[in-house]
Amino acid sequence: MPRRPRRPCLTAETGRSLTLDSGPDAFDVLGGEGPPLFLGLGPEPAALSLWFPAAATGAEFVEWPETEASLGPDFTSAIPRNFQRLTPGELTPERFRTRRVLAFRQNMRLAPSFWGPILARRGLAFLAPPPARPVVWLPGDEHGLLLRELEAAFAAQGLTARRVPGDPAALPGLLREERPLLFFSVNFRGLDAHGEAFHLLDQAGVRVAAWCVDNPFHVVSAIKARFWTRLRLFVTDRWFMEPLRRLGAERVEHLPLALDPAFAAPGPLPKRLGPLAGRLLFVGRSAFPDRAGFFAGARVPGDILAEARDLLASGKRPDFGWWAGRLGIAALWPGNEARRAGLGADESGRIWRSLCLGRAPELTIIGDDGWRGLLPGADLRPPVDYYGGLAAAYREAACCLNVTNMVLPSGLTQRHFDVWGAGGFLLSDANPGLDIFPADLTRPVTFQRAEGIPELFKRFADDSPEKRDLARAWRTELLTRHTYGHRVAQVLAAADLERPRP
């Protein structure tokens with residue numbers, strides 16, 4: 001009878017259970033020539049000399065102390081006597097270059113904060129990155145969220161902003177050619193679930209920052225290791241700062257969205273949109289992309305949803321925080337529990353949007369065909385490219401309407417900046433995040449309940465001195481304090497990076 005492999009179950013550093021694999025296929029051969037060096041022994045150290053004959057005459061190894069403590073004395077006594085134990089500090093570049101390195105494949109699932117730096121140092125032993133340059137890497141492609149705005153803003157600060165592939169596997173090759181000062185990720189693009197990319201950048205001396213433009217707990221629900229708590233972390237919604245800190249985040253700052261002055265460049269209204277004069281304009285998708293896939297498996301009770309509906313009708317905001325408390329979610333990370341609260345908040349947002357759009361007079365929607373089922377008979381116009389006609393649509397309409405989703409309890413939308421910057425006029429629900437602006441600007445243009453929209457539109461539908469003065473004051477406020485240039489300056493200060501001298 002063949003011997004049954006030993007597969008014990010251990011607790012990973014995130015608190016989740018992990019059953020260890022066994023056998024030679026449980027190891028990755030990372031290359032190199034010379035005596036074996038094991039990064040983790042797996043659950044059956046006595047069998048290593050059989051699986052890897054070169055180890056029969058001796059090998060070196062490093063093991064996570066918690067693995068050894070959890071597996072107990074039997075594990076320790078099974079380590080071959082001719083195996084030499086090393087500390088992580090003894091894993092020098094020279095040692096990596098003169099050993100055949102074999103890594104237990106589940107290391108990064110078991111203890112990523114221990115093994116991540118070790119694997120990164122091993123990779124850097126063969127890379128030799130050049131000296132740091134005044135460059136910022138922005139992972140993503142031509143469709144990347146906010147990359148165009150960030151490129152221009154970093155360039156204005158004297159840095160070269162370079163887009164790099166969002167695939168973390170591309171990093172070693174990139175680091176061989178160039179070492180940036182900062183790796184700036186939007187929504188964790190370019191960072192893998194277990195932190196290998198982060199540790200490689202960190203060990204190379206590159207500062208790593210992530211800006212959660214969306215709900216941070218939706219973003220980190222895909223992250224399986226605690227490396228994210230070490231990032232320089234920015235959130236568009238300050239509500240999340242304290243929950244993130246409670247989970248161990250070391251550096252979290254509020255970094256709202258902003259205005260890109262280039263967005264307001266003059267240009268004609270696309271003919272296919274038709275006239276918008278005198279209309280109340282709403283621009284947006286009927287649902288975010290792959291909504292069903294993202295929330296697959298998540299459910300919210302009908303009675304709580306009915307409760308949320310009643311709150312919305314009375315002018316309250318059953319947002320993500322309300323849903324997390326109402327559902328009794330004890331831990332927003334690790335795992336996907338945050339998505340249940342997110343689904344509830346998104347349902348709240350859909351109800352709120354229906355209430356508001358249903359009350360909006362002279363309404364025109366620029367959006368996808370999904371609106372036809374949600375608002376039958378609505379004046380629906382085709383989508384327009386963000387950089388090619390949207391600013392003109394904002395200027396042409398009598399007013400624009402903003403209805404904030406509840407997934408971000410106090411997060412602002414890009415419309416809060418773009419409409420005013422483009423020369424338009426924005427009416428918005430009274431989102432708590434608006435308090436970053438002076439109250440004398442926000443108070444006249446916000447509504448608490450859907451029933452307030454008709455009267456507010458009536459007040460500002462036509463041109464008036466009050467309307468012109470408010471629009472001018474909003475634009476001045478945004479250009480003075482709330483451009484992407486201001487946001488990037490905050491990022492550089494938080495990352496301890498000085499603006500390069502000309």
Side-chain angles (χ1 to χ4, degrees), residues 268-292 295 300 302 305-306 308-318 343-386 388-407 413-416 418-419 422 424-431 445-463 467:
L269 183 72
K271 290 183 179 180
R272 62 194 180 92
L273 282 182
L276 294 172
R279 305 296 293 176
L280 177 57
L281 177 64
F282 179 85
V283 180
R285 296 188 180 102
S286 59
F288 71 81
D290 194 30
R291 179 183 187 272
F295 289 128
V300 294
L305 188 60
R309 189 185 301 272
D310 291 341
L311 289 172
L312 287 163
S314 66
K316 304 291 196 310
R317 299 181 68 85
L343 174 59
D346 192 63
E347 290 289 352
S348 289
R350 287 156 68 92
I351 296 168
W352 177 230
R353 192 169 52 198
S354 295
L355 287 171
C356 292
L357 298 186
R359 289 279 188 170
E362 307 299 323
L363 180 67
T364 292
I365 298 174
I366 293 179
D368 56 87
D369 283 341
W371 287 110
R372 298 191 189 281
L374 295 172
L375 290 171
D379 176 20
L380 179 63
R381 313 284 176 92
V384 61
D385 182 71
Y386 179 81
L390 186 56
Y394 287 156
R395 282 192 293 270
E396 179 80 9
C399 293
C400 299
L401 180 65
N402 181 82
V403 182
T404 315
N405 196 297
M406 306 287 170
V407 172
T413 72
Q414 195 61 55
R415 284 183 291 276
H416 285 113
D418 287 350
V419 172
F425 197 90
L426 184 70
L427 310 179
S428 177
D429 56 349
N431 184 309
V445 297
T446 54
F447 56 91
Q448 195 78 35
R449 300 174 62 178
E451 289 82 356
I453 295 174
E455 186 63 31
L456 195 60
F457 179 64
K458 180 179 178 182
R459 177 179 173 184
F460 292 112
D462 298 326
D463 186 34
K467 185 177 181 180

Note to self: To the closest 0.5 Å, what do you measure between CG (L427) and SG (C399)?
What the structure shows: 4.5 Å
Next item on the list: Could you tell me whether R285 atom CZ has more than 12 heavy atoms of other residues or ligands within 6.0 Å of it?
Entry: no
Check: What heavy-atom pair brings L273 and R381 nearest, and what distance separates the two atoms?
Finding: O-NH1, 2.5 Å
Checklist line | From R279 atom CZ to D379 atom CG, the distance as rounded to the nearest 0.5 Å | finding: 5.0 Å
Checklist line | Verdict with supporting geometry, R449 and E455, salt bridge (charged side-chain N to carboxylate O under 4.0 Å, His left out) | finding: CA-CA 11 Å; R449 300 174 62 178; E455 186 63 31; over 6 Å; no
Item checked: Minimum heavy-atom distance between P318 and A308, given as atom pair plus value -> CG-O, 3.6 Å
Notebook entry, point to check: So, for V384 and L390, which heavy atoms are closest and what is the spacing to 0.1 Å?
Noted result: CG1-CD1, 3.8 Å
Next item on the list: List the atom of L401, the atom of F282, and the distance in Å for their closest heavy-atom pair.
Entry: O-CD1, 3.4 Å
Check: Which heavy atom of N402 sits nearest a heavy atom of S428, and at what distance?
Finding: ND2-OG, 3.3 Å
Margin query: With side-chain contact (heavy atoms from CB on, under 4.5 Å) as the test, pick out the partner of W352 among L357, V403, T404.
Written below: V403
Next item on the list: Check Y394 against A422 and note the closest heavy-atom contact, atom names and distance.
Entry: CB-CB, 4.2 Å
Note to self: Does R395 have more than 12 heavy atoms from other residues, nucleotides or ligands lying within 6.0 Å of its CZ?
What the structure shows: yes
Next item on the list: Using a 4.5 Å cut-off on heavy atoms from C-beta on, say whether the side chain of L280 contacts that of I453.
Entry: yes
Check: How long is the gap from CG on L343 to CZ on F295, to the nearest 0.5 Å?
Finding: 5.5 Å
Item checked: Distance (rounded to the nearest 0.5 Å) between L363 CG and C356 SG -> 11.0 Å
